[in-house]
Amino acid sequence: MTPEEKIERIKYNVDEVVTDEELTELIKSNPAPKVYVGYEPSGRIHMGHVLTVNKLLDCQKAGCEVIVLLADVHAYLNKKGTFEEVRKIADYNKRCFIALGLSEENTKFVLGSDYQLGEEYMLNVLKMAKTVTLNRATRSMDEVGRAMDNPMVSQLVYPIMQAIDIALLDVDIAVGGTDQRKIHMLAREHLKELGFKTPVCIHTPIISGFDGNKMSSSNDNFISVDDTAEDVANKIKKAYCKQGDLEQNPIMELFKYHIYPRYESITIEKPEKFGGNVTFNSYQELETAFAEEKVHPMDLKSACVKYLNEILDPVRAVLL
């Protein structure tokens, strides 16, 4: 790939790059920058998580060195279970990510507790804690913390630790959903004060759950990667998908962010009496046709079930 092609691949389907200029300079000067996502092992992997996995796959194709942080200490601090519980979930996370396509050979999986309890790490956490206000730490955790109207001290240490993760893992590009933006901005502003480089930050969208809210484990409004084929079909069948409506349409979002990144074209199957099968060679073609009410929601849902189950079959096989 040329540098321009790498940049296009890395920026595909993202909401924001902070900053475009820094990303361009990085890709042109470094053939294999380090990119990371930190995952808090706290429940089942759902399609919201898979969106960042897809971005890591894009980065891997663009020649980046991929680091996956399985943040067991973070999960413990954020009240997601005991160390034993979160470490079991971390192993489950790793198996899911590999089954979704991340190269086991070319992906560095790191368990947070392997280095986060060491002297160097803790000293840098304390140094940054001296530079971050209480209000700033609280605001940084608003989108990812539990019960932030009455936060524990452990939860306020969380964003500082995440910044130090970026530093000590020697990360060039930090990837996360838009709910990670405040934490990433904290890292960009304060790491340089400690003598570390400033990361480029890439933010992926937060996709809609089937109840219209953010897709999350706590809302129970998601498709899990280990759902059965029947579960997927039932959830898709019940999901909001008004004909011609593109706003907060979870079915169209699944096509845009999960199906088209893995398929060059998709086919909507219809009986001949309704015009027969139709193939769309890009998401934009499908979106236009749906907006013009040329694709019926039930036909769209049927195709969504088919392609999602094809994507998830390798994960189910690993987890059985």
Side-chain angles (χ1 to χ4, degrees), residues 9-20 23 35-60 64 66-71 74-75 77-78 80 89-90 93 96-97 100-102 112 137-146 148 155 158-159 161-163 165-166 169 171-188 199-225 248-250 252-262 311:
R9 168 63 67 175
I10 292 169
K11 292 174 65 174
Y12 173 65
N13 265 350
V14 305
D15 262 6
E16 178 186 42
V17 177
V18 185
T19 66
D20 283 305
L23 177 62
V35 58
Y36 112 117
V37 177
Y39 295 96
E40 186 184 86
S42 58
R44 299 166 73 193
I45 296 297
H46 58 68
M47 301 312 291
H49 298 109
V50 178
L51 206 154
T52 51
V53 174
N54 291 344
K55 184 46 52 191
L56 290 179
L57 287 169
D58 286 334
C59 291
Q60 215 158 50
C64 298
V66 171
I67 301 170
V68 173
L69 173 61
L70 301 169
H74 288 272
L77 292 177
N78 205 20
K80 300 298 177 67
I89 298 172
N93 288 177
C96 289
F97 297 152
L100 285 164
L102 282 179
T138 304
R139 285 189 285 112
S140 295
M141 278 296 289
D142 282 345
E143 295 292 328
V144 294
R146 288 186 174 181
M148 290 308 291
Q155 291 172 288
Y158 187 115
M161 289 178 59
Q162 194 165 331
D165 289 334
I166 291 170
L169 293 173
V171 169
D172 298 299
I173 304 171
V175 173
T178 54
D179 58 347
Q180 298 289 319
R181 190 182 194 281
K182 292 178 181 177
I183 293 178
H184 284 170
M185 296 306 100
L186 184 81
R188 281 180 57 86
V200 174
C201 297
I202 293 177
H203 301 130
T204 58
I206 302 299
I207 63 173
S208 303
F210 298 137
D211 59 358
N213 296 312
K214 167 187 170 182
M215 184 176 287
S216 72
S217 299
S218 58
N219 289 334
D220 194 27
N221 61 357
F222 59 91
I223 288 177
S224 168
V225 297
Q248 292 185 308
N249 185 325
M252 291 300 293
E253 290 181 13
L254 287 169
F255 273 102
K256 181 175 183 178
Y257 295 113
H258 292 294
I259 296 173
Y260 268 102
R262 294 171 183 265
I311 292 168

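Atoms considered below: every heavy atom in the structure, side chains included; atoms not considered: hydrogens, waters and symmetry mates.
- Put simply, CD1 on I89 and OG on S42 are 6.5 Å apart, with the number rounded to the nearest 0.5 Å.
- Nearest heavy-atom pair, I166 versus A187, reported as atom, atom and distance to 0.1 Å: CD1-CB, 4.0 Å.
- Using a cut-off of 4.0 Å between Lys/Arg side-chain N and Asp/Glu carboxylate O, D20 and K11 are scored as salt-bridged.
- A donor-acceptor pair shorter than 3.5 Å cannot be found between the side chains of Y257 and T204.
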Subject >> Intermediate values then yes/no, side chain to side chain donor-acceptor pair (under 3.5 Å), Q248 and E253 >> reply: CA-CA 8 Å; Q248 292 185 308; E253 290 181 13; over 6 Å; no
Original post:
What's the verdict on side chain to side chain contact (heavy atoms under 4.5 Å, CB included) for V68 and L102, showing C-alpha distance, side-chain angles and the deciding distance?
Top reply: CA-CA 10 Å; V68 173; L102 282 179; 4.0 Å; yes
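- When all heavy atoms are compared, the tightest approach of Y36 to L56 is C-CD2, 4.5 Å.
- Side-chain contact between F97 and L70 is present, with heavy atoms from C-beta onward closer than 4.5 Å.
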Original post:
What do the steps show when you test R44 against V225 for side chain to side chain contact (heavy atoms under 4.5 Å, CB included), and what is the final call?
Top reply: CA-CA 8 Å; R44 299 166 73 193; V225 297; over 6 Å; no
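- The CG atom of L186 sits 12.0 Å away from the CD atom of Q180 when rounded to the nearest 0.5 Å.
- Partners of D165 by side chain to side chain donor-acceptor pair (under 3.5 Å), not counting sequence neighbours, listed by chain and number: H74, Y115, Q116, Y121.
- Side-chain contact between L23 and I173: present, with at least one pair of heavy atoms (C-beta onward) separated by less than 4.5 Å.
- Counting only distance, with no hydrogens or angles, the side chain of N13 and the backbone of K256 share a donor-acceptor pair below 3.5 Å.
- Annotation for V14 and V17: closest pair CG2-CG2, 4.0 Å, computed over non-hydrogen atoms.
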Original post:
Is there a side chain to side chain contact (heavy atoms under 4.5 Å, CB included) between I202 and H184 once you walk through the steps?
Top reply: CA-CA 9 Å; I202 293 177; H184 284 170; over 6 Å; no
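- The structure places CZ of R139 at 7.0 Å from NZ of K182, a figure rounded to the nearest 0.5 Å.
- Going from atom SG of C59 over to atom CD1 of I10 covers 5.0 Å, rounded to the nearest 0.5 Å.
- Shown here for G101 and Q60, the closest heavy-atom pair between the two residues is O-OE1, 4.5 Å.
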Subject >> Derivation of the side chain to side chain contact (heavy atoms under 4.5 Å, CB included) call for D179 and H203 >> reply: CA-CA 8 Å; D179 58 347; H203 301 130; over 6 Å; no
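- Atom NE2 of H49 sits about 11.0 Å away from atom CG of L51, to the nearest 0.5 Å.
- Counting heavy atoms from C-beta outward, N78 and E40 have side chains that approach closer than 4.5 Å.
- Residue N93 comes nearest to G43 through the heavy atom pair ND2-O, 4.1 Å, listed as atom of the first residue, atom of the second, then distance.
- Nearest heavy-atom pair, I67 versus L169, reported as atom, atom and distance to 0.1 Å: CD1-O, 3.7 Å.
- Put simply, the side chain of L77 reaches to within 4.5 Å of the side chain of M161, judged on heavy atoms.
- To the nearest 0.5 Å, the span separating CG on L254 from CD1 on I223 amounts to 5.5 Å.
- At least one side-chain heavy atom of C201 sits under 4.5 Å from a side-chain heavy atom of R188.
- Between F210 and F222, the gap from one ring centroid to the other reaches at least 6.0 Å.
- With sequence neighbours excluded, the residues forming a side chain to side chain contact (heavy atoms under 4.5 Å, CB included) with N54 are V50, L57, H258, R262, listed by chain and number.
- In this structure a side-chain-to-backbone donor-acceptor pair under 3.5 Å is missing from K55 to V175.
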